[in-house]
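These notes are about the structure you will find just below.
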Amino acid sequence: MQNEQLSPEILPGLDQVPLSTVGIRIPSRIWVPATIIGALLLALYYRIGVKLVVDWYNIADYSHGFLVPLFSIFLLWDRRKQIAGTPVRPSWAGLPLVCLGLLILIFGVYGVDLFTSRISFVMLLAGLIWTFLGSAMLRQLRFPVLILLLAIPFPAIIFNQITFPLQLLASKLASMSLPLLGVPVLQEGNVIQLPVMKLEVAEACSGIRSLMSLFTLAVFYGYFLERTTARRVLLAVASIPIAVAANAIRIVGTGLCVQYWDPVKALGFFHEFSGWVMFVISLGCLYLIHRLMRLILKPREEVGA
């Protein structure tokens, strides 16, 4: 079934036709199937999409989700010439992926699992591109499609498996640093006992929020300022230890304010304000790592995906 063409009744005359022959415009003969597919996708994912936007608004850990679709659209516009020059070769090979996406959507809807139903959209979109536009077009669009995964919140069971170790790691790093600054501490799990009071590293203080946001911005940053895939991946991976270290420094600062200043202010204004300050500092660290990377690894003229 590989490279088998779709029925002419479905997509007449599209086989092996470069989009560059019509500029970047969609040929009028595929407006009807494209409109039908778009309407079906809207009907299938309307409620799921609305709930996702609500989660972006209400869950601070995923507020960066608003930027992800916009970035994906920008990628399409930025690659418009390459997309227009990619030949369209419809193939039945993408149909199994379409069926798998629909099956996962059914499991997600009737199993009341938002993560599964949201993931199914990415799979279904990739399958539709493969089926109607071909594998070459799917390779051209794989990054704009896969980037949408960054906007999907993790399921609770995975989220908890990430946040709790981060809480313990942040507590341990802060407990190791505070005595060096003259503040004796006693760590019990995610609770740091200071001479003045107990300081709990709660889930919201685990650093997952800054980690997710910084990782997403690192992906954006790498796309704009690096050419090779390897360097882009390196920048994205570098954002993880930066976010963890920044969160630990934030907790250390909070502990110092509790001990030497005012516990109420330290856990109020300073705690919130320091989060923004450390995030800006994290962006600066990401920039410095990028500059160091470019000094050590001389940029090549090859263009990455």
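This chain uses plain numbering: 1 for the first residue, then up along the sequence. As the structure is a computational prediction, the values presented were derived from the model and not from experiment.
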Nearest heavy-atom neighbours spanning S239 and A218: CB-CB, 3.8 Å
From I119 CD1 over to F107 CZ, what is the distance, rounded to the nearest 0.5 angstrom? 16.0 Å
Report the distance from atom CG of L67 to atom CZ of F74, rounding to the nearest 0.5 Å. 13.5 Å
How about L41 and L124: do any of their side-chain heavy atoms sit closer than 4.5 Å? yes
Under 3.5 Å, which donor-acceptor pairs link side chains of residues 284-293 to any protein atom two or more places apart or in another chain?
{"unit_1": "H290", "atom_1": "ND1", "unit_2": "Y221", "atom_2": "OH", "d": "2.8"}
{"unit_1": "H290", "atom_1": "NE2", "unit_2": "E226", "atom_2": "OE2", "d": "2.8"}

Identify the heavy atoms of A126 and L138 that sit nearest to each other, and give their distance. O-CD1, 3.6 Å
Interatomic spacing from CE in M212 to CD1 in I240 - rounded to 0.5 Å: 9.5 Å
Cluster link I37 to L148, ILVMFWY, side chain under 4.5 Å: yes
In Å and rounded to the nearest 0.5 Å, what is the CE to CG distance from M123 to L100? 3.5 Å
Quick one: do I129 and I73 end up in the same hydrophobic cluster if we chain Ile, Leu, Val, Met, Phe, Trp and Tyr together by side-chain heavy atoms under 4.5 Å apart? no
Parallel, tilted or perpendicular: which describes the rings of H64 and Y62, with under 30° parallel and over 60° perpendicular? tilted
Is it true that atom OH of Y57 has more than 12 heavy atoms of other residues, nucleotides or ligands lying nearer than 6.0 Å? no
Tell me yes or no: between the side chains of Y45 and S117, is some donor less than 3.5 Å from an acceptor? no
Using the rule that two of Ile, Leu, Val, Met, Phe, Trp, Tyr join whenever any of their side-chain heavy atoms come within less than 4.5 Å, decide whether F115 and L102 are in one cluster. yes
So, does W56 use its side chain to make a donor-acceptor pair with the main chain of K51 at under 3.5 Å? no
Side chains of L114 and I152: closer than 4.5 Å at any heavy-atom pair? no
Sequence-distant partners of L283, side chain to side chain contact (heavy atoms under 4.5 Å, CB included), two or more places apart: L214, L217, F279
When rounded to the nearest 0.5 angstrom, what is the spacing between CG in L225 and CZ in R232? 10.0 Å
List the steps, then state whether side chain to side chain contact (heavy atoms under 4.5 Å, CB included) holds for W130 with V98. CA-CA 9 Å; W130 191 356; V98 173; over 6 Å; no
Side chain to side chain donor-acceptor pair (under 3.5 Å) filter on T116, not counting sequence neighbours, yields D113
Side-chain (S282) to main-chain (A243) donor-acceptor, under 3.5 angstrom: no
Tell me which pairs pass side chain to side chain donor-acceptor pair (under 3.5 Å) where either residue lies in residues 170-186, with sequence neighbours left out. none
State whether the side chain of S63 and the backbone N or O of I59 hold a donor-acceptor pair below 3.5 Å, judged by distance alone. no
Residue pair P87 / M137, side-chain heavy-atom distance below 4.5 Å: no
Counterpart residues, ring-ring contact (aromatic ring centres under 6.0 Å, His included), relative to Y110 (two or more places apart): none
May I ask you to decide if Q140's main-chain N or O and R79's side chain share a donor-acceptor pair within less than 3.5 Å? yes
Are L44 and F121 close enough, and set up right, to give a side chain to side chain contact (heavy atoms under 4.5 Å, CB included), and what steps lead you there? CA-CA 9 Å; L44 286 173; F121 175 76; over 6 Å; no
For the residue pair F143 and Y223, does the interplanar ring angle fall in the parallel (under 30°), tilted (30 to 60°) or perpendicular (over 60°) class? parallel
Could you give the distance from SG (C99) to CD1 (I104), rounded to the nearest 0.5 Å? 11.5 Å
Kindly determine whether I281 and I249 satisfy side chain to side chain contact (heavy atoms under 4.5 Å, CB included), including the steps that lead there. CA-CA 11 Å; I281 293 176; I249 294 173; over 6 Å; no
What closest approach, in Å, do P179 and A174 show between heavy atoms, and which atom pair accounts for it? CD-O, 4.5 Å
Centre-to-centre under 6.0 Å for F220 and F215, is that the case here? no
With no hydrogens and no angle check, is any side-chain donor or acceptor of R250 less than 3.5 Å from a backbone partner on N247? no
Mind checking ring-ring contact (aromatic ring centres under 6.0 Å, His included) for F154 and listing every partner two or more places apart, or none if nothing turns up? none
Nearest heavy-atom neighbours spanning S72 and P144: OG-O, 2.7 Å
Report yes or no: do V233 and L211 belong to one cluster of Ile/Leu/Val/Met/Phe/Trp/Tyr joined by side chain heavy-atom distances under 4.5 Å? no
Do I48 and L103 belong to the same hydrophobic cluster, where Ile, Leu, Val, Met, Phe, Trp and Tyr are linked whenever their side-chain heavy atoms lie under 4.5 Å apart, directly or via other members? no
Report the C-alpha distance between V219 and T216 in whole Å, list the side-chain angles of each, state the deciding distance to 0.1 Å, and finish with yes or no for side chain to side chain contact (heavy atoms under 4.5 Å, CB included). CA-CA 5 Å; V219 173; T216 302; 5.7 Å; no
